[in-house]
Participant: 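Next up is a structure, given as structure tokens.
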Amino acid sequence: MDLVTPAIGLVFWTTLVFIILLVILRKVAWKPILTAVEEREANITNALRSAEMAKEEMLALKADNDRILREARIERDGILKDAREMKEAIMKEAREKSAEQSEKMLADAHEAIHNQKMAAITELKNQVATLSIEIAEKVLRKELESKEKQQSLVDSLLKEIGNN
Amino acid sequence: MGRKAISIFAFLTVFCLATPMMAQDEHADHSNDSTHSAVVDSHSEAHHASDASAHEEGEEEFNAAEVIMHHIADSHEFHAWGEGENGFTLPLPIILWTDAGLVTFLSSEFHHDDAAHHVVEKKSQRFVKYHDKIYYASETANEHGAYVSYDEEHHPTNIKPLDFSITKNVFSMLLSVVLILLIMIPAGSSYKKNGGIPKGVAGFIEPLVLFVRDDIARPNIGEERYKKFLPYLLTVFFFIWLNNLIGLVPVFPFSSNLTGNIAVTFTLAFMTLLITNFSANKGYWKHIFLPHVPLWLYPIMIPVEVIGILSKPFALMIRLFANISAGHIIILSLTALIFIFKSLWISPVSVFFVLFMNFIELLVAALQAYIFTLLSALFIGLAHVEEEHH
Amino acid sequence: MGTITGIAAIGAGLAVIGAGMGIGRIGGSAMDAIARQPEAASKIQTNMIIAAALVEGAALFAVVVSLLVA
């Protein structure tokens with residue numbers, strides 16, 4: 001019976017000692033231990049998270065690089081295409097210009113030739129005319145050397161007029 | 001799973017480290033007992049029986065039950081070895097709250113008297129010690145020379161002053177507190193020194209703290225609230241465990257039966273009761289006083305639930321007390337076999353079984369600390385009823 | 001007094017038989033459950049210990065009653 005009757009003294013001392021122990025241990029042991037453990041756990045979680053983030057960042061960076069590379073390639077291709085087009089255009093233009101110029105030169109030449117020809121022809125005509133007139137003068141002078149011949153001419157001319 | 005395995009491993013390590021030492025002590029102690037008593041004669045077991053049976057039993061038959069009951073009970077002096085005046089007994093202070101106020105004196109003033117023969121007079125009041133209880137002495141001695149009067153069941157009828165003495169159990173408790181602080185203060189302060197890395201004793205304590213936190217507090221109380229109760233649970237776990245272990249060491253400054261004392265388990269269980277009910281929420285009280293049952297069941301349900309509040313910590317109290325006391329009783333009974341059979345030749349059997357029981361008791365020491373803490377956490381968790389689901 | 005003590009001892013013994021059977025059943029069932037679901041072992045173990053502790057508590061009440069009587 002004594003065994004199962006709590007003794008007041010022991011209850012008192014147990015309460016006192018246990019509460020003091022609880023207060024001391026909470027301050028000197030549980031708090032530092034649990035704080036350290038929690039800090040460590042937080043560190044590990046953070047480290048894992050930052051590793052994950054670094055990985056993601058790496059992936060993003062890689063994707064970015066790829067994109068930049070792709071864009072650069074596209075740009076390069078564009079530039080090359082432009083250059084080619086420009087070259088073609090320039091060449092075409094040059095060709096056209098040269099053709100035009102040669103044509104123009106040819107036309108000029110033709111015109112010049114034509115002009116000179118015409119000038120020559122005119123001169124020739126003038127000379128021929130001059131010569132003909134001189135010849136005609138000479139012929140006439142010869143023809144009209146005698147009076148009878150003049151008379152016959154006047155007659156014939158009158159006759160002609162009279163015929164008309 | 002991994003953490004569980006680590007905690008179990010930590011426990012096993014503790015046992016393996018602790019067991020050979022304790023076993024050795026036990027072995028040595030019992031062999032001492034047996035050899036010694038073989039010399040002095042079988043009835044007076046050196047370790048247990050000296051002050052219990054010396055006066056009343058005299059040269060009578062060895063009374064195992066009385067010796068064992070005396071040994072697991074509290075005492076006002078700490079008997080270390082030897083007998084009577086030849087041995088060594090640590091006198092402990094006796095502190096009484098009497099009609100004339102506080103009275104203090106050392107237990108050695110009773111001169112090892114435990115049968116109310118020797119009267120100590122303080123502040124014009126007279127005290128006797130009878131079966132480790134302090135009584136006001138009767139005016140005159142009875143026919144046995146004892147200053148007490150008995151009822152028909154041979155129990156003293158004298159009035160007792162309020163006894164706040166530093167008894168053997170209080171002494172042992174203070175010793176355990178010193179030990180806990182010697183372990184825990186370096187463990188706690190080592191983190192600051194080593195930058196949050198457990199080294200030395202902290203490396204041993206930390207898995208246990210984590211075990212209490214992750215396997216006891218967290219799953220039973222819940223993620224949001226467990227931190228508040230963790231200091232109590234940790235303290236109760238280490239307090240019970242260390243005191244269980246101290247009770248298993250059979251040599252002088254240890255060997256008390258602190259956690260097998262109903263007053264201690266009562267106090268611890270009462271603290272759990274207070275914490276459980278003061279941390280309870282509305283849902284818990286609603287569950288008790290407005291349960292979801294038909295109205296005519298209320299006269300049955302409410303008393304049952306109210307009894308439930310008390311029976312849970314009551315079971316905690318009885319469980320720890322009975323487990324530890326039973327363990328001590330079995331070990332002492334096995335030792336007592338030598339004196340019951342009055343033969344040295346039974347001692348190998350005794351020693352073997354005591355050794356075996358000590359191994360089991362090492363397990364029980366940790367298991368009971370675990371169960372007390374686990375059930376405390378469970379009760380605290382149960383006192384927080386979510387109102388949505390029942 | 002002697003008779004009562006004897007009866008108390010028998011009562012304690014009976015209580016221990018009951019508790020032993022109860023704890024045995026709990027342990028056996030827990031083993032079965034763990035064998036069936038090894039991944040839930042830690043949860044089963046905790047519940048097993050709680051149940052065993054409760055059964056044991058009942059037995060200890062009987063022991064305490066015997067102590068009271070004896």
Side-chain angles (χ1 to χ4, degrees), chain A residues 1-70, chain B residues 69 72-74 95-96 131-133 155 162-167 169-170 173-174 176-177 180-181 183-185 187-192 194-198 202 205-206 209-210 213 227 230-232 234-236 238-239 258 260-268 270-271 317-318 321-322 325:
Chain A
M1 188 66 205
D2 277 350
L3 206 57
V4 285
T5 317
I8 176 109
L10 198 48
V11 170
F12 167 77
W13 286 111
T14 311
T15 312
L16 189 73
V17 167
F18 187 85
I19 287 173
I20 291 171
L21 183 70
L22 176 62
V23 170
I24 293 176
L25 280 186
R26 184 155 79 171
K27 201 169 154 49
V28 304
W30 309 143
K31 212 169 172 186
I33 292 176
L34 291 171
T35 315
V37 168
E38 269 159 29
E39 259 171 31
R40 200 181 316 141
E41 280 169 350
N43 277 346
I44 291 168
T45 319
N46 279 347
L48 282 178
R49 196 179 302 140
S50 48
E52 195 71 27
M53 257 160 66
K55 210 169 128 195
E56 260 166 41
E57 225 161 90
M58 272 277 287
L59 279 177
L61 211 65
K62 200 155 163 258
D64 227 29
N65 278 350
D66 280 353
R67 189 176 53 79
I68 288 170
L69 209 64
R70 205 162 46 239
Chain B
M69 285 304 156
I72 64 171
D74 206 355
I95 303 163
L96 301 172
H131 285 206
D132 266 314
K133 287 197 172 56
H155 291 137
L162 281 180
D163 189 351
F164 292 106
S165 306
I166 307 291
T167 57
N169 277 340
V170 177
M173 180 159 59
L174 296 172
S176 77
V177 166
I180 289 177
L181 292 180
I183 296 166
M184 292 302 176
I185 291 176
S189 59
S190 82
Y191 283 91
K192 209 169 266 174
N194 299 320
I197 296 155
I205 295 299
E206 196 192 285
V209 172
L210 285 180
R213 189 189 71 167
K227 273 188 186 154
L230 209 46
Y232 171 72
L234 284 166
T235 311
V236 103
F238 283 99
F239 182 77
L258 183 71
N261 188 297
I262 194 91
V264 174
T265 62
F266 164 78
T267 313
L268 295 176
F270 193 70
M271 282 181 194
M317 166 179 92
I318 297 293
F321 155 72
S325 283

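By convention in this document, chain letters (A, B, ...) are assigned in the order of the sequence lines, proteins followed by strands, and residues within each chain are numbered from 1.
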Participant: Could you grab the distance from atom OG1 of A/T14 to atom CZ of B/F266, nearest 0.5 Å is fine?
Facilitator: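 If I round to the nearest 0.5 Å, the distance is 10.5 Å.
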Participant: Taking all non-hydrogen atoms of both residues into account, name the closest pair between A/I8 and B/D163 and its distance.
Facilitator: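 The pair with the smallest heavy-atom distance is CG2-O, 4.3 Å.
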Participant: If I measure from the heavy atoms of chain A, does B/K192 come under 4.5 Å with its side chain, its backbone, both, or neither?
Facilitator: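 Neither part.
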Participant: Does any part of the side chain of A/L16, heavy atoms only, come nearer than 4.5 Å to the side chain of B/F164, both counted from C-beta?
Facilitator: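 The answer is no; the side chains never approach within 4.5 Å.
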Participant: Is there side-chain contact between A/L25 and B/P231, with at least one heavy-atom pair below 4.5 Å?
Facilitator: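 With C-beta onward as the side chain, the pair stays apart.
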Participant: Distance check, rounded to the nearest 0.5 Å: A/F12 atom CZ versus B/L162 atom CG?
Facilitator: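 The distance works out to 11.0 Å.
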Participant: Check each of B/I262, B/T267, B/N169 against A/L10 using the side-chain contact (heavy atoms from CB on, under 4.5 Å) test, and report the only one that passes.
Facilitator: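 That would be B/N169.
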Participant: Between B/V209 and chain A, which part of the residue has a heavy atom less than 4.5 Å away: side chain, backbone, both or neither?
Facilitator: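 B/V209 touches chain A through side-chain heavy atoms alone.
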Participant: When rounded to the nearest 0.5 angstrom, what is the spacing between CZ in A/R26 and CG in B/L230?
Facilitator: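 A/R26 CZ to B/L230 CG: 11.0 Å, rounded to 0.5 Å.
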Participant: For A/I24, is it the side chain, the backbone, both or neither that has a heavy atom under 4.5 Å from a heavy atom of chain B?
Facilitator: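 Just the side chain, heavy atoms under 4.5 Å.
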Participant: Measure A/I20 against the heavy atoms of chain B and call it side chain, backbone, both or neither at under 4.5 Å.
Facilitator: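 Neither part; nothing is under 4.5 Å.
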Participant: Flag the pair B/M271 / A/I19 as yes when at least one side-chain heavy-atom distance between them is below 4.5 Å, and no otherwise.
Facilitator: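 Yes, at least one pair of side-chain atoms sits under 4.5 Å.
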Participant: Flag the one option from B/I318, B/I166, B/I185, B/I205 with the top tally of heavy-atom pairs under 4.5 Å to chain A.
Facilitator: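 The option with the most such pairs is B/I166.
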Participant: Could you grab the distance from atom CD1 of A/I33 to atom CG of B/L210, nearest 0.5 Å is fine?
Facilitator: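 Spacing of CD1 (A/I33) from CG (B/L210) equals 9.0 Å.
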Participant: Give the C-alpha distance, both sets of side-chain angles, the deciding distance and a yes or no for side-chain contact (heavy atoms from CB on, under 4.5 Å) between B/M184 and A/W30.
Facilitator: CA-CA 9 Å; B/M184 292 302 176; A/W30 309 143; 3.7 Å; yes
Participant: I'd like to know which of B/G260, B/A202, B/A322, B/P198 tops the heavy-atom pair count under 4.5 Å against chain A.
Facilitator: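 Ranked by contacts with chain A, first place is B/P198.
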Participant: Specify the closest pair of heavy atoms between A/P6 and B/A263, including all atoms of both residues, with the distance to one decimal.
Facilitator: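 Closest pair (atom of A/P6, atom of B/A263, distance): CB-CA, 3.8 Å.
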Participant: Check whether more than 12 heavy atoms from other residues, nucleotides or ligands sit under 6.0 Å from atom CD of A/E57, and answer yes or no.
Facilitator: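 No, because the 6.0 Å sphere around CD of A/E57 holds 12 heavy atoms or fewer from other groups.
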Participant: Given heavy-atom pairs under 4.5 angstrom as the criterion, report whether the side chain, backbone, both or neither of A/V11 touches chain B.
Facilitator: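 Both backbone and side chain of A/V11 come within 4.5 Å of chain B.
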Participant: State, to 0.1 Å, how close A/A36 and B/Y191 come at their nearest heavy-atom pair, and which atoms those are.
Facilitator: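 Here A/A36 and B/Y191 meet closest at CB-CD2, 3.2 Å.
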Participant: Could you measure the distance from the CD atom of A/E38 to the CZ atom of B/R213? Nearest 0.5 Å is fine.
Facilitator: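 The distance works out to 6.0 Å.
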Participant: Have a look at A/F18 and tell me which of B/F238, B/F239, B/F270 forms a ring pair (Phe, Tyr, Trp, His ring centres under 6.0 Å) with it.
Facilitator: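 The option that passes is B/F239.
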